[in-house]
Amino acid sequence: MSVMVVTGTGTEVGKTVVTAAVAAAALAAGRTVAVLKPAQTGVAPGEPGDVAEVRRLAGPVTGAELARFPEPLAPATAARRAGLAPVGPEEIRRAAAELAASHDLVLVEGAGGLLVRLDEAGSTLADVAGLLDAPVLVVVQAGLGTLNTTALTAEALRARGLRCAGVVIGSWPAEPDLAMRCNLTDLPREAGAPLLGAVPEGAATLPPEDFRAVAAGWLAPELDGTWAGAVPPGSAPA
């Protein structure tokens, strides 16, 4: 199965916009793409969630959402407070496998970080990646503090026998500071995996047609992109 799990080193690091960029680049390369959001939290019924945002930015991807909980909390907590059944790893595995049967690429976007609880049994996105035998793409922050959270996430992946496909910076500013520029060199070492791109700050505000036209330039060839350097466009090396 061509499945990739997308996680982050925390919440609000840019997972959805990175997922959209990876989907857009794959579509531009002629691949069929599906995006699976196992647990959408913090969104009321009828409101657009992360899948809708990916489709708005990336274009014609198949979208699937397994569960939705109204409060912006960890999925297990949000499900418990809403009196709703949580979504578990096996259900997610089945949904991803079904999508993989008819798509070239399935992107499974988690909620929060790798070890956020999905259910009361303590299941996490790491368990999902293990069931799928899928590589994990880690979305990270650009600035000070990101090396520690990246190293912790990478260590958790290794401890579970999971493969980190690489890291992508979820929001790269037009004027990066010294720590950000140094992190371009240090992030791959801490992750034990390559830096596979950097999405510019504010990318989600681009008109969708512009987003789709330039997304491949933010990503390395491993993600169907064209970015070949360690320094994002417009940045100066440290």
| query | Can you check side chain to side chain contact (heavy atoms under 4.5 Å, CB included) on D224 and L219, steps first, answer last? | reply | CA-CA 7 Å; D224 292 310; L219 303 169; over 6 Å; no
| task | Test side chain to side chain contact (heavy atoms under 4.5 Å, CB included) on T153 and V167 and set out the steps. | result | CA-CA 11 Å; T153 300; V167 297; over 6 Å; no
| message | Checking I169 against L184 for the side chain to side chain contact (heavy atoms under 4.5 Å, CB included) test, could you report, in this order, the C-alpha distance in whole Å, the side-chain angles of both residues, the deciding distance, and whether it holds? | response | CA-CA 9 Å; I169 296 170; L184 292 172; 3.8 Å; yes
| task | Tell me, with the steps shown, if C164 and V136 meet side chain to side chain contact (heavy atoms under 4.5 Å, CB included). | result | CA-CA 5 Å; C164 180; V136 179; 5.6 Å; no
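Sequence neighbours left out, the pairs with a member in residues 33-46 that pass side chain to side chain donor-acceptor pair (under 3.5 Å) are K37-D50, K37-E109. Identified under the side chain to side chain donor-acceptor pair (under 3.5 Å) test for residues 57-69, with sequence neighbours left out: T62-H103, E65-R68.
At distances below 3.5 Å, not a single donor-acceptor pair connects side-chain atoms of N183 with backbone N or O atoms of D186. In this structure, R181 contributes its side chain and P176 its backbone to a donor-acceptor pair below 3.5 Å. Side-chain atoms of R93 do not come within 3.5 Å of backbone N or O of L132 as any donor-acceptor pair.
Follow the hydrophobic side-chain contacts under 4.5 Å out from L36 and you never reach V116; the two are in separate clusters. Both L223 and V214 are assigned to one and the same hydrophobic cluster, defined by single-linkage of ILVMFWY side chains at heavy-atom distances under 4.5 Å. Linking Ile, Leu, Val, Met, Phe, Trp and Tyr whenever their side-chain heavy atoms come within less than 4.5 Å leaves L147 and L152 in two separate clusters. Note: the hydrophobic cluster containing V61 also contains V168 (ILVMFWY, side chain heavy atoms under 4.5 Å, direct or indirect links).
The number of heavy atoms from other shown groups lying within 6.0 Å of CG (L84) is above 12. Heavy atoms of other residues, nucleotides or ligands lying less than 6.0 angstrom from CD of E120 number more than 12. Applying the 6.0 Å contact sphere to CD of E222 captures more than 12 heavy atoms from other residues, nucleotides or ligands.
Closest approach of A96 to V106, counting heavy atoms only: O-CG2, 4.1 Å. Contact detail for A58 and L27: the closest heavy-atom pair is O-CD1, 3.4 Å. Of all heavy-atom pairs spanning P48 and V43, the tightest one is O-CG1, 3.8 Å. When all heavy atoms are compared, the tightest approach of P173 to A142 is CD-CB, 4.4 Å. For the residue pair A100 and V3, the shortest heavy atom distance occurs at CB-CG2, 4.1 Å. Closest of all the heavy-atom pairs between V17 and G170 is CG1-O, 3.8 Å.
Under the 4.5 Å side-chain criterion, counting only non-hydrogen atoms from C-beta, V6 is not in contact with V22. Using a 4.5 Å cut-off on side-chain heavy atoms (C-beta onward), D119 and P89 make contact. Inter-residue side-chain proximity for E90 and L131 is flagged as met; some heavy-atom pair is nearer than 4.5 Å. A heavy-atom distance below 4.5 Å is not found between the side chains of V140 and T149.
In this structure, CG in L115 is found 8.5 Å from CG in D127, a value given to the nearest 0.5 Å. Taken to the nearest 0.5 Å, the OG1 atom of T7 stands 6.5 Å off from the NZ atom of K15. Between atom CG of residue L125 and atom CG of residue L114 there is a gap of 6.0 Å, rounded to the nearest 0.5 Å. A distance of 6.5 Å separates OG1 of T124 from CG of L118, quoted to the nearest 0.5 Å. The line from CZ of R163 to CG of L137 is 10.5 Å long, rounded to the nearest 0.5 Å. For the atom pair CG (L99) and OG1 (T32), the distance works out to 10.5 Å, reported to the nearest 0.5 Å.
Salt-bridge annotation for R94 and E98: absent, with no side-chain N of the basic residue lying under 4.0 Å from a carboxylate O of the acidic one.
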Return all side-chain donor-acceptor pairs below 3.5 angstrom for residues 192-212, not counting sequence neighbours, or 'none' if the list is empty.
unit_1	atom_1	unit_2	atom_2	d
T205	OG1	G202	O	2.6
R212	NE	L57	O	2.9
R212	NH2	R56	O	2.9

